Enquirer: 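First the structure, then my questions, so here it is.
Throughout, residue positions are numbered sequentially from 1 according to the sequence presented. Just follow the structure's listing: the first ligand is 1, and inside any ligand the first atom is 1. These numbers come from a predicted model, not from an experiment.
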Amino acid sequence: MHPSLPSIPYHFSSTALGISVVASVLFSYALAKMLGFGSSNKFVVDGRTVVITGGSEGMGKAAACQLAERGANVVIVARTLQKLQESMEAIRGSAVNASKQRFHYISADLTKVEECERVISEVTEWNDGTSPDIVWCCAGYCTPGLFVNTPVQTLRDQMDTIYWTAANTAHAILKRWLAPITPSNQRPSPPKHLIFTCSTLAFVPIAGYGPYAPAKAAMRSLSDTLSQEIEIYNGSRAAKQRSRATPADVKIHTIFPMGILSPGYDNEQEIKPAITKQLEAADKPQTPREVARISIEALERGEYLITTMFVGDLMKGSALGPSPRNSWIRDTLTGWLSSLVFLQVIPGLRKQAFEWGRKNGVPSSST
Ligand SMILES: *[C@@H]1O[C@H](CO)[C@@H](O)[C@H](O)[C@H]1NC(C)=O
Ligand SMILES: *[C@@H]1O[C@H](CO)[C@@H](O)[C@H](O)[C@H]1NC(C)=O
C-alpha cells in the first residue's frame, strides 16, 4: 500500500562517497546503541490495559497478539463482529497467563464521534472504572486512485476512515487522561501511551495515493501538535501547587509503516493504478507480525516517530521538519543522507510519471 524508493539502488553515482561516509557513521552509532545505553523499557505493558482500534486484522491484530504475549489486557475494536470474534481467539491464545489477563472486543464505527465515546466508556467500565493505559489507533484502509478519477465522496470517506477515526479516538481518550484530579487521590502512575498508525506516504507522497496520503499527513500533523500540547499537562504535574494536575504523563507516538501484507493490501492492489504499482515496484511489503514487532521494540526504546525499515528511515529523514527527534545524532545524520538521496529520487519519480503518460496517454479510471 505504501511506496518505496525504487531509484535508490540504481542511482549510485557522484553522491556515493558522501552517502557512504554518512552511512558508516550511522552504522557505528547503531552498533554503539545496540551494545549499550538507554536499554530500559519505556513501554511496559504487563498488567496494563491496551485498546487497539482496527485490531481484528493485519497490523492491529499482530500487535494485539504480541502485547498479549507481554502480559497486557487487550481490547480490540473494529466494525465486523465475526472478524473480531475470530481474532479474539488468536489474541487470547497468545496470553502469557490466561488466568490473569483479560480480553474483550467491541464492534463500533469509529468514524462516528459518539461511537468512540461509547468505546472508551465501555472499556473503562470493563477495566474496573479505570481508563485504559494504552490506546493504539490502527483503524483505516486505503483506496488508491488518481485524483481526478476518484469520486469526491471517496476522498471524503478516506479522510473519515483514516484521519477522523484516529482524531475521534484521540479526543475521547485524551479528555479522560488529561482531566485534572485532586492531589488526595493522586497516586504515582506510569505514563499513558497514545499511538497513531500513519504511513511513509505522509513523508513522501506517490502518484495514485491522492485519496489517502493527505489524510495520513493530517494525522502526522495532529501527532506533532499533540506532542507539544501535551507538555502543558505534563508541566501541570511538575508544578509545586498541584491542585490542577493530570494523573499521569501522556506519551504520543506515531508509526510509519510501508506496505503491509494483509487482506486490505490485496484489495488495494486490485484497484491500484498501474503507474502507482510501477512507482512503488521496489517496495517489499512486510508481514503484519514483522511491522508490529519492530514498532513495539521502538516503543520500548521510547521513540516518537517510528519507521519500520531503512527506506522508511530515509523518507522520514527527508521530511522531519519541526517534528521532535528520537535521537538528534541519528536523525540529523539520516536527514543529511536523505537530502542527498532525494536529490535524485524525486526527479526520478516525476520522470517515471512523465514517461508513463508519454507512452500511455491520459489514464482511464481502470488503469
Ligand atoms: C497466573 O496468574 C495467576 C493469577 O494472578 C497466578 O496465581 C499464577 O501464579 C500465574 N501463573 C503464572 C505461570 O505466572
Ligand atoms: C514530563 O516531565 C517529566 C518531568 O520533567 C519527565 O520526566 C517526563 O519524561 C515528561 N513526559 C513527557 C511525556 O514528556
Enquirer: Thinking salt bridges, do Glu57 and Lys83 make one under a 4.0 Å N-O criterion?
Expert: yes
Enquirer: Would you check ligand 1 and list the protein residues that come within less than 4.0 Å of it by any heavy atom, ordered by chain and number?
Expert: Asn97, Ser99, Lys100
Enquirer: Salt-bridge test for Arg176 and Glu117: reply yes if a basic N is under 4.0 Å from a carboxylate O, no otherwise.
Expert: yes
Enquirer: Measure from the ring center of Phe196 to the ring center of His253 and say whether it is less than 6.0 Å.
Expert: no
Enquirer: For the residue pair Thr130 / Asp128, report whether a side-chain donor-acceptor contact shorter than 3.5 Å exists.
Expert: no
Enquirer: Going by the rule salt bridge (Lys or Arg N to Asp or Glu O under 4.0 Å), which residues pair with Arg118 if we only count those two or more places apart in sequence or in a different chain?
Expert: Glu115, Glu122
Enquirer: Quick test of your reading of the model: are Arg325 and Asp331 salt-bridged, counting only N-O distances below 4.0 Å?
Expert: no
